[in-house]
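Along the sequence shown, residues are numbered consecutively beginning with 1.
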Amino acid sequence: MSNSTVNGIIIFLIFATVGAGIIAYPSLPPEVASHWDVNGEVNGYMQKFWGVFLVPMIMAGLFIFYLIIPTIDPYRANIETFRKQYSLIWLIVFGFLSYIFGLTLAWNVGYRFDFTIFIIPAFALMWYFLGDFLKDSKRNWFVGIRTPWTLSSDVVWEKTHRLGATLFKLSALLSLFGLLIPNNGIRFFFGVIPVLVMSVVVVVYSYVVFRKEIR
């Protein structure tokens, strides 16, 4: 998939979310549900305008950020070596945000469903593909597992991302396994906690590898 194709898809997603928000806007209450707890119950609301258009605005801002990173990163030459994966990583993020926006809008126009069951597969897909694409990334300041130690060494960066890729994929599988358990609290645990643990593991691992390198 070329960069121009990815750019086109992202632009389409932004306009699609804005268009869907405009269409649904007259049918929405003054305050819309914007947050759900681990049991899939609404526990947060937002003023209608922000509840509808905040995510599209964030997506528009991220799109600008996505475009300028390859021109401002001190390691921009490295980004060009994995430009395809760089674009696909961002496409995954935009797809995830669009999906969450769609779920939120559907709920607020009257559809009722278990939010946890619908959101966990999206997390799983995101973790899996991020892991798959990040393993090919090269040292840069904006995309990847960025610790003081990965940013200081190509060797540390590559070893950390190989481990991180495996752990991201494992987290995805654990998230899907959680769906088999008939308890939303446990489902949420399997959807979120493995990634948090993985984050701590890769940070510590990057430091350990760095210490070995400087010896």
Side-chain angles (χ1 to χ4, degrees), residues 1-14 16-17 55 58-102 119-178 190-206 209:
M1 188 178 294
S2 66
N3 291 331
S4 59
T5 300
V6 171
N7 292 350
I9 295 174
I10 292 174
I11 292 172
F12 170 79
L13 290 175
I14 294 172
T17 55
V55 170
I58 291 173
M59 291 172 66
L62 287 176
F63 181 61
I64 295 173
F65 194 53
Y66 151 77
L67 292 176
I68 66 173
I69 283 176
T71 67
I72 65 174
D73 194 301
Y75 296 111
R76 51 186 170 272
N78 284 351
I79 291 180
E80 292 304 319
T81 65
F82 73 101
R83 188 60 184 265
K84 176 182 177 182
Q85 289 82 2
Y86 169 84
S87 297
L88 290 173
I89 287 168
W90 279 96
L91 182 58
I92 291 168
V93 173
F94 280 98
F96 178 78
L97 291 174
S98 300
Y99 178 71
I100 298 303
F101 176 83
I119 199 172
I120 286 179
F123 272 117
L125 286 174
M126 184 170 65
W127 301 147
Y128 185 88
F129 285 110
L130 283 178
D132 192 49
F133 296 139
L134 281 175
K135 74 179 187 299
D136 298 316
S137 68
K138 301 301 180 183
R139 187 159 47 129
N140 70 93
W141 283 31
F142 292 97
V143 176
I145 303 168
R146 290 161 293 113
T147 72
W149 309 292
T150 57
L151 290 173
S152 67
S153 165
D154 287 327
V155 172
V156 177
W157 177 281
E158 291 175 6
K159 288 184 177 180
T160 300
H161 280 74
R162 282 200 297 269
L163 175 65
T166 300
L167 294 180
F168 263 119
K169 292 179 179 180
L170 178 60
S171 297
L173 295 176
L174 290 173
S175 295
L176 293 176
F177 172 77
F190 276 94
V192 175
I193 299 303
V195 174
L196 297 179
V197 173
M198 177 276 295
S199 300
V200 175
V201 171
V202 294
V203 169
V204 173
Y205 179 77
S206 68
V209 174

Original post:
About how many Å separate CD1 of Ile145 and CH2 of Trp157, when rounded to the nearest 0.5 Å?
Top reply: 8.0 Å

Original post:
When you look at OH of Tyr66, are more than 12 heavy atoms from neighbouring residues, nucleotides or ligands closer to it than 6.0 Å?
Top reply: yes

**OP:** Determine, using ring centers only, whether Phe82 and Phe133 are less than 6.0 Å apart.
**Re:** no

Original post:
Can you check whether Ile69 reaches Tyr86 side chain to side chain, under 4.5 Å on heavy atoms?
Top reply: yes

Original post:
Which atom pair, heavy atoms only, marks the closest approach of Trp127 to Ala172?
Top reply: CB-CB, 4.0 Å

Original post:
Considering all heavy atoms of both residues, which atom of Met59 and which atom of Phe94 are nearest to each other, and what is their separation?
Top reply: O-CE2, 3.1 Å

**OP:** Give the C-alpha distance, both sets of side-chain angles, the deciding distance and a yes or no for side chain to side chain contact (heavy atoms under 4.5 Å, CB included) between Val55 and Thr17.
**Re:** CA-CA 8 Å; Val55 170; Thr17 55; 5.6 Å; no

Original post:
Would you find a donor on one side and an acceptor on the other, under 3.5 Å apart, between the side chain of Asn140 and the backbone of Tyr75?
Top reply: no

**OP:** Measure the CD1-CG distance between Ile92 and Leu134 for me, rounded to the nearest 0.5 Å.
**Re:** 8.5 Å

Original post:
Do the non-hydrogen side-chain atoms of Val209 and Leu163 ever get within less than 4.5 Å of each other?
Top reply: no

Subject >> Nearest non-hydrogen partners of Trp141 and Leu151, listed with the distance >> reply: CD1-CD2, 4.0 Å

**OP:** Report yes if some heavy atom in the side chain of Ile89 is under 4.5 Å from a heavy atom in the side chain of Phe129; otherwise report no.
**Re:** no

Original post:
How many angstroms lie between CZ in Arg139 and CD1 in Ile79, if you round to the nearest 0.5 Å?
Top reply: 12.5 Å

Original post:
With no hydrogens and no angle check, is any side-chain donor or acceptor of Ser153 less than 3.5 Å from a backbone partner on Thr150?
Top reply: no

Original post:
To the nearest 0.5 Å, how far apart are CG in Leu13 and CG in Leu97?
Top reply: 9.5 Å

Original post:
What pairs of residues pass the salt bridge (Lys or Arg N to Asp or Glu O under 4.0 Å) test when at least one of them lies in residues 124-135, not counting sequence neighbours?
Top reply: Asp132-Lys135, Asp132-Lys169

**OP:** Please report the shortest heavy-atom distance between Phe63 and Ile11, naming the atom on each side.
**Re:** CZ-CG1, 3.7 Å

Original post:
If you round to the nearest 0.5 Å, how far is CG of Leu125 from CD1 of Ile120?
Top reply: 12.5 Å

Original post:
Closest heavy-atom contact between Gly164 and Val202?
Top reply: CA-CG1, 3.8 Å

**OP:** Classify the angle between the aromatic ring planes of Phe96 and Phe123 as parallel (below 30°), tilted (30 to 60°) or perpendicular (above 60°).
**Re:** tilted

Original post:
Would you find a donor on one side and an acceptor on the other, under 3.5 Å apart, between the side chain of Arg76 and the backbone of Pro70?
Top reply: no

**OP:** Looking only at non-hydrogen atoms, find the nearest pair between Leu176 and Pro121 and report the distance.
**Re:** CD2-CA, 4.3 Å

**OP:** Could you verify whether a donor N or O on one side chain and an acceptor N or O on the other, from Ser206 and Thr147, lie under 3.5 Å apart?
**Re:** yes

**OP:** Evaluate the side-chain proximity of Leu88 to Gln85: yes if any heavy-atom separation is below 4.5 Å, no if none is.
**Re:** no

Original post:
How many angstroms lie between CD1 in Ile9 and OG in Ser87, if you round to the nearest 0.5 Å?
Top reply: 10.5 Å

Original post:
Can you check side chain to side chain contact (heavy atoms under 4.5 Å, CB included) on Leu170 and Thr166, steps first, answer last?
Top reply: CA-CA 6 Å; Leu170 178 60; Thr166 300; 5.5 Å; no

Subject >> Worked check of side chain to side chain contact (heavy atoms under 4.5 Å, CB included) between Ile10 and Val6 >> reply: CA-CA 6 Å; Ile10 292 174; Val6 171; 3.8 Å; yes

